[in-house]
Amino acid sequence: MTENAIPAAVTAAVAEVGPQPGPLLEVLHAVQRRLGCVPEGAIPLIATALNLSRAEVHGTVTFYHHFRRTPPGRWVVQICRAEACLAMGGDAIAAHAEKYLGVSMEHGAVTSADGRVTLEPVYCLGLCAQSPAALVDDEPQVHLTPESVVALLAGLGVAEGGSV
Ligand code: FES
């Protein structure tokens with residue numbers, strides 16, 4: 001990400017959302033769509049553009065797990081960690097994905113060492129009837145098993161341990 005990419009993304013995001021009450025969340029979504037994350041450098045620019053304090057913007061970014069602080073990997077794999085998926089073996093799905101990539105989602109989204117895959121815990125994808133479920137770059141993956149999630153990660157070109 002170049003240094004100019006952040007102000008350009010913030011300006012475009014603010015222009016896209018336009019003047020309306022309480023646009024902060026929409027601007028944050030728009031910045032993340034452009035940059036893949038909401039980097040630290042975007043926070044003062046958003047605060048100025050929306051006439052908010054930096055603390056307000058920072059607080060919102062850190063409150064919602066959806067907003068990433070650093071760019072994601074080439075692939076974003078969102079593993080559902082909500083009730084219906086857990087009841088259908090979701091813990092084993094998450095554990096196998098973490099083990100395969102050599103990462104832990106204990107503190108939220110995490111990217112494999114090679115930068116190819118970001119593994120992200122999410123809380124219900126609306127696919128409960130087909131649980132356990134995940135999304136790979138917004139593509140639903142359902143009725144997962146420990147074996148199928150490992151095959152899915154291998155299919156993204158990542159070797160065990162998170163290397164190519
Ligand atoms: S609980 Fe996992 S999709 Fe709803």
Side-chain angles (χ1 to χ4, degrees), residues 1 9-10 12-13 16-17 20-40 42-43 46 56-164:
M1 182 185 317
V10 170
E16 175 186 307
V17 172
Q20 52 180 283
L24 177 56
L25 283 175
E26 288 193 46
V27 169
L28 293 174
H29 282 293
V31 169
Q32 184 155 294
R33 274 197 304 277
R34 285 175 166 79
L35 300 174
C37 64
V38 182
E40 195 64 37
I43 289 176
I46 295 169
E56 285 173 289
V57 178
H58 183 268
T60 302
V61 171
T62 53
F63 179 79
Y64 292 101
H65 290 252
H66 170 76
F67 296 119
R68 298 183 200 99
R69 309 302 302 281
T70 55
R74 162 64 188 83
W75 302 95
V76 176
V77 178
Q78 297 177 301
I79 305 256
C80 181
R81 308 291 293 130
E83 206 168 293
C85 286
L86 292 182
M88 295 299 286
D91 275 339
I93 303 302
H96 276 72
E98 289 174 315
K99 184 172 179 223
Y100 186 83
L101 294 175
V103 298
S104 167
M105 291 189 286
E106 184 183 348
H107 300 294
V110 61
T111 300
S112 59
D114 63 3
R116 284 187 72 84
V117 176
T118 294
L119 198 60
E120 189 171 286
V122 291
Y123 298 90
C124 196
L125 298 164
L127 298 166
C128 312
Q130 299 163 288
S131 60
L135 293 179
V136 176
D137 277 4
D138 296 329
E139 186 74 30
Q141 307 291 325
V142 298
H143 300 301
L144 289 170
T145 64
E147 296 75 24
S148 70
V149 79
V150 165
L152 188 146
L153 294 170
L156 299 179
V158 186
E160 193 160 5
S163 56
V164 178

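Here the structure is a predicted model, which is why all the values come from computation and not from measurement. Counting starts at 1 for both ligands and their atoms, in listed order.
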**Message:** Main chain of Gly73, side chain of Thr118: is a donor-acceptor contact present, judged purely on distance under 3.5 Å?
**Reply:** yes
**Complete:** The angle formed at atom 4 (Fe) of ligand 1 by SG of Cys128 and SG of Cys124 is about (to 10 degrees) 90°
**Under 3.5 Å donor-acceptor, Gln32 side chain and Arg68 backbone** = yes
**Message:** Need the ligand 1 atom indices (1-based, order shown) with element for anything under 4.0 Å from a heavy-atom of Cys80.
**Reply:** 1 (S), 2 (Fe), 3 (S)
**Prompt:** Where's the contact between Cys85 and ligand 1, heavy-atom distance under 4.0 Å: side chain, backbone, both or neither?
**Reply:** both
**Asked** Within the side chain of Ser112, is there an N or O that forms a donor-acceptor pair under 3.5 Å with the backbone of Leu101?
**Response** no
**Complete:** Under 4.0 Å from one or more heavy atoms of Ala84, ligand 1 contributes atoms 1 (S)
**Asked** Should you measure from each heavy atom of Leu125, which atoms of ligand 1 turn up under 4.0 Å away?
**Response** 3 (S), 4 (Fe)
**Prompt:** Mind checking whether Val31 and Ile46 have side chains closer than 4.5 Å, heavy atoms only?
**Reply:** yes
**Asked** Heavy-atom distance under 4.5 Å between the side chains of Leu135 and Pro140, does that happen here?
**Response** yes
**Proximal atoms of ligand 1 relative to Leu127 (non-hydrogen, under 4.0 Å)** = 3 (S)
